[in-house]
Amino acid sequence: MDILDGGAIEPGQTPLYTAEQVRELDRRAIAGESDGFALMHRASGVAWRWLKARWPATKSLTVFCGGGNNGGDGHVLAALAATEGRQVQRISLTPRERLKGDALRAAEMADDAGVGFIEWREGLSVEGDVVVDAMLGTGFAGDLRPTYAAAIAAINESRCPVLAVDIPSGITADGGAEPSMAVRAVMTVTFIADKLGLHTGRGAALAGEVVVESLGVDALAHDDIAPTAWRLQSSLVNLALPPRERDMHKGAAGFAGIFGGAPGFGGAALLAAEACARVGAGRVLLATAPEHVGASLVRCPEVMARGVTHASELDELLDRLSVLAVGPGLGQGSWGQSVLQTALKRSIPLVLDADALNLLVSRFADQRRDDWILTPHPGEAARLLETSVAEVEADRPGAARALQQRWGGVIVLKGAGTLIAGPEGLALCPFGNPGMASGGMGDTLTGVLAGLMAQGQAPGWSLERTARLGVLVHALAGDMAAREGGERGLLASDLASCARKLVNPTMGEEDAAATR
């Protein structure tokens, strides 16, 4: 069974929704209550409990409230905090006379609890141990109004820890974009269901720890509201990679090829080849410029390194491969062009990265295949879509889907909250760390993908499943390496040994006893 199967939830994934989907779920939940205020009170209560759990010594707090239901959550939270003896500064971005409905009712509840009502003005001091952001919520889109921009700047400049209610103000719930500026939260308590924008792009950087509170709403029970994406969990690795059979041999583990490393650019191809071997490919062939063969033999003698001067030398090698990765260190000169052209003529499953993607745009734009994985970063994605990086980052999920529709196969849009788009839908990897912002990480991912593809060409596996698994292994390997030595100074070469540990499932007690 594939990771995604008609929207049914399986171990190793959790659902993600758009803002409109959650609003519909919210409407249905309110229809089952006496009024919407009951749900608002419940939401505020769980947010207040999370604040106390995260910052138990809190004696005072500032709550920023907008004019809608998100602001209403803030007013109720302020009332609950005051009732429990905390000192509360309540700052409203909306004048009292403009409040209405549940937001007005919530504001009156805070009034009754003795919490002062302060209309926002520039120059106000932000006081308290914790700041609560309840200004904009999931309905925000476009540019900020000046009053909100000034309030957000004041919050961020205060250096107080921030709890965001539902979503940090200034972030788009669907794409994780930050059109102008946004609150930087330490924790976000989001309601009803998890939102895609909290886990990709700037949303992943600004939401902090994300806590999902369903408020008693079972989103998956609504069959007509299918999740917009699925968030991968680390448990998927062990579920997808069972222990090998005792009679396993290298031929059954696949034969992967790495084509890259133009003259003077050999390091990227070496990184990809080693990662490919470390995740379990039975055999790995590196076809590279002759001058890089010696370095490959020294670094990883298990890789079958072949020096290639002319693309015609590749034909005999291609006949033996079960999967091929092209791009690391490929260059865009005549050597790289001829190598990629030769690869594209075959029906062998492909992974394309780096200059192979750039050459697709400039030399092979008529290509579209179902048997490849393309792994662009935002700059490469912009070129593949003939748009700008800003447009890609403004809607990363939309860009990933557009890439898949245009080029086919499976798309891995790299970055914070990497997205994997295939025929079955969208998946998101929430792992990885800032230490992975260094040269060679994409080359290592290419090798991991090729190595898993080589092993996965069997019933029950799909290209899309392999792509999700490979992205997950790569990100978790980066996190493991960062725990061992820190984020700064993390090198792509640090990931190969960690990836090897990840793709070997932990033995159960019976298996462990058998080895003693």
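Values reported hereafter were calculated over all heavy atoms of this structure, with side chains retained and with hydrogens, waters and symmetry mates removed.
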Problem set entry | Partner residues of R96 under the side-chain hydrogen bond (donor to acceptor under 3.5 Å, both in side chains) criterion, sequence neighbours left out | D111

For this session: Show your working on side chain to side chain contact (heavy atoms under 4.5 Å, CB included) between E209 and V186 and close with a plain yes or no.
Result: CA-CA 6 Å; E209 179 187 356; V186 174; over 6 Å; no

Problem set entry | Close side-chain approach of P227 to L220, heavy-atom, < 4.5 Å | yes

Problem set entry | Minimum-distance pair of heavy atoms, taken over all atoms of R90 and C65 | CG-SG, 4.2 Å

Atom pairs and distances, side-chain donor-acceptor, residues 156-164, under 3.5 Å, sequence neighbours left out:
| unit_1 | atom_1 | unit_2 | atom_2 | d |
| --- | --- | --- | --- | --- |
| N156 | OD1 | R184 | N | 3.1 |
| N156 | ND2 | A182 | O | 3.0 |
| S158 | OG | I155 | O | 2.6 |
| S158 | OG | C160 | N | 3.2 |

Exercise. Which pair of non-hydrogen atoms, one from T94 and one from S92, has the smallest distance, and what is that distance?
Worked result: O-OG, 2.6 Å

Exercise. Can you tell me if Q455 uses its side chain to pair, donor with acceptor, with the backbone of V279 under 3.5 Å?
Worked result: yes

Exercise. Can you name the residues that form a salt bridge (charged side-chain N to carboxylate O under 4.0 Å, His left out) with D370, not counting sequence neighbours?
Worked result: R368

Exercise. Between CG of L490 and CD of E484, what distance do you get to the nearest 0.5 Å?
Worked result: 10.0 Å

Exercise. Who passes salt bridge (charged side-chain N to carboxylate O under 4.0 Å, His left out) against D133, sequence neighbours left out?
Worked result: none

Exercise. Looking only at atom types and distance, does a side-chain atom of Q233 sit under 3.5 Å from a main-chain N or O of Q13, one as donor and one as acceptor?
Worked result: yes

Exercise. More than 12 foreign heavy atoms under 6.0 Å from CD of E386: is that the case here?
Worked result: no

For this session: Begin from the C-alpha positions of T14 and V212 and carry the test side chain to side chain contact (heavy atoms under 4.5 Å, CB included) through to its verdict.
Result: CA-CA 11 Å; T14 55; V212 183; over 6 Å; no

Exercise. Out of curiosity, D174 CG to L16 CG, how far, rounded to the nearest 0.5 Å?
Worked result: 11.0 Å

Problem set entry | Closest approach of A82 to V115 (non-hydrogen atoms, all atoms of both residues) | CB-CG2, 3.4 Å

Exercise. Any idea which heavy atoms bring E464 and P423 closest together, and the distance?
Worked result: OE1-CD, 3.1 Å

Seminar exercise, completed: Residues D73 and S44: closest non-hydrogen pair is O-OG, 2.9 Å

Exercise. Rounded to the nearest 0.5 Å, how far does CG of L463 lie from CG of L452?
Worked result: 11.5 Å

For this session: Find out whether I152 and S169 are in side-chain contact, i.e. whether some heavy atom of one side chain is under 4.5 Å from a heavy atom of the other.
Result: yes

Exercise. Should M436 and L495 count as side-chain neighbours, where that means a heavy-atom distance under 4.5 Å?
Worked result: yes

Seminar exercise, completed: So salt bridge (charged side-chain N to carboxylate O under 4.0 Å, His left out) across residues 396-415, not counting sequence neighbours, yields D353-K414, E393-R396

Seminar exercise, completed: Taken in chain and number order and not counting sequence neighbours, the residues that satisfy salt bridge (charged side-chain N to carboxylate O under 4.0 Å, His left out) with K52 are E84

Problem set entry | Working for side chain to side chain contact (heavy atoms under 4.5 Å, CB included), residues V132 and W48 | CA-CA 10 Å; V132 175; W48 171 233; over 6 Å; no

For this session: With side chain to side chain contact (heavy atoms under 4.5 Å, CB included) as the test, would you mind laying out the steps for R468 and W230 before giving the verdict?
Result: CA-CA 11 Å; R468 298 188 193 111; W230 295 88; over 6 Å; no

Sequence neighbours left out, cut at 3.5 Å: what donor-acceptor pairs do the side chains of residues 134-147 make with other protein atoms?
none

Exercise. Are V165 and F191 close enough that some pair of their side-chain heavy atoms sits under 4.5 Å apart?
Worked result: yes

Seminar exercise, completed: Distance col, row I192:CD1 vs L39:CG, nearest 0.5 angstrom, shows 5.0 Å

Problem set entry | Any residue meeting side-chain hydrogen bond (donor to acceptor under 3.5 Å, both in side chains) with D166, in chain and number order, not counting sequence neighbours | T190, K195

Exercise. Would you say the side chain of D129 lies within less than 4.5 Å of the side chain of W55, judging by non-hydrogen atoms?
Worked result: no

Exercise. Which distance, rounded to the nearest 0.5 Å, do you find between the CE of M109 and the NE2 of H41?
Worked result: 3.5 Å

Exercise. Side-chain contact, heavy-atom cut-off 4.5 Å: T18 with L196?
Worked result: no

Problem set entry | Ion pair R27/E24, N-O distance below 4.0 Å | yes

Exercise. Would a 4.5 Å heavy-atom cut-off, applied to side chains only, mark H75 and L99 as touching?
Worked result: yes

For this session: Would you indicate whether the side-chain heavy atoms of L360 and L374 approach each other to under 4.5 Å?
Result: yes

For this session: Using a cut-off of 6.0 Å, state whether more than 12 heavy atoms not belonging to R500 lie near its atom CZ.
Result: no

For this session: Taking all heavy atoms of P179 and all of G170, pick out the closest pair and write down the distance.
Result: CD-O, 3.4 Å

Problem set entry | Donor on one side chain, acceptor on other, Q87 and S60, under 3.5 Å | no

Problem set entry | Residues that W120 engages under side-chain hydrogen bond (donor to acceptor under 3.5 Å, both in side chains), provided they are two or more places apart | none

Exercise. Judged by modelled atom types alone, do S125 and E127 share a side-chain donor-acceptor pair under 3.5 Å?
Worked result: yes

For this session: Mind checking the OG-CD spacing from S438 to E487? Nearest 0.5 Å is all I need.
Result: 11.0 Å

For this session: Quick one: list whatever passes side chain to side chain contact (heavy atoms under 4.5 Å, CB included) with R121, sequence neighbours left out.
Result: I118, L124

Problem set entry | Residue list, salt bridge (charged side-chain N to carboxylate O under 4.0 Å, His left out) with D224, at least two apart or on another chain | R28

Seminar exercise, completed: Residues at least two apart in sequence or cross-chain that pass side-chain hydrogen bond (donor to acceptor under 3.5 Å, both in side chains) with R49, listed by chain then number, are none

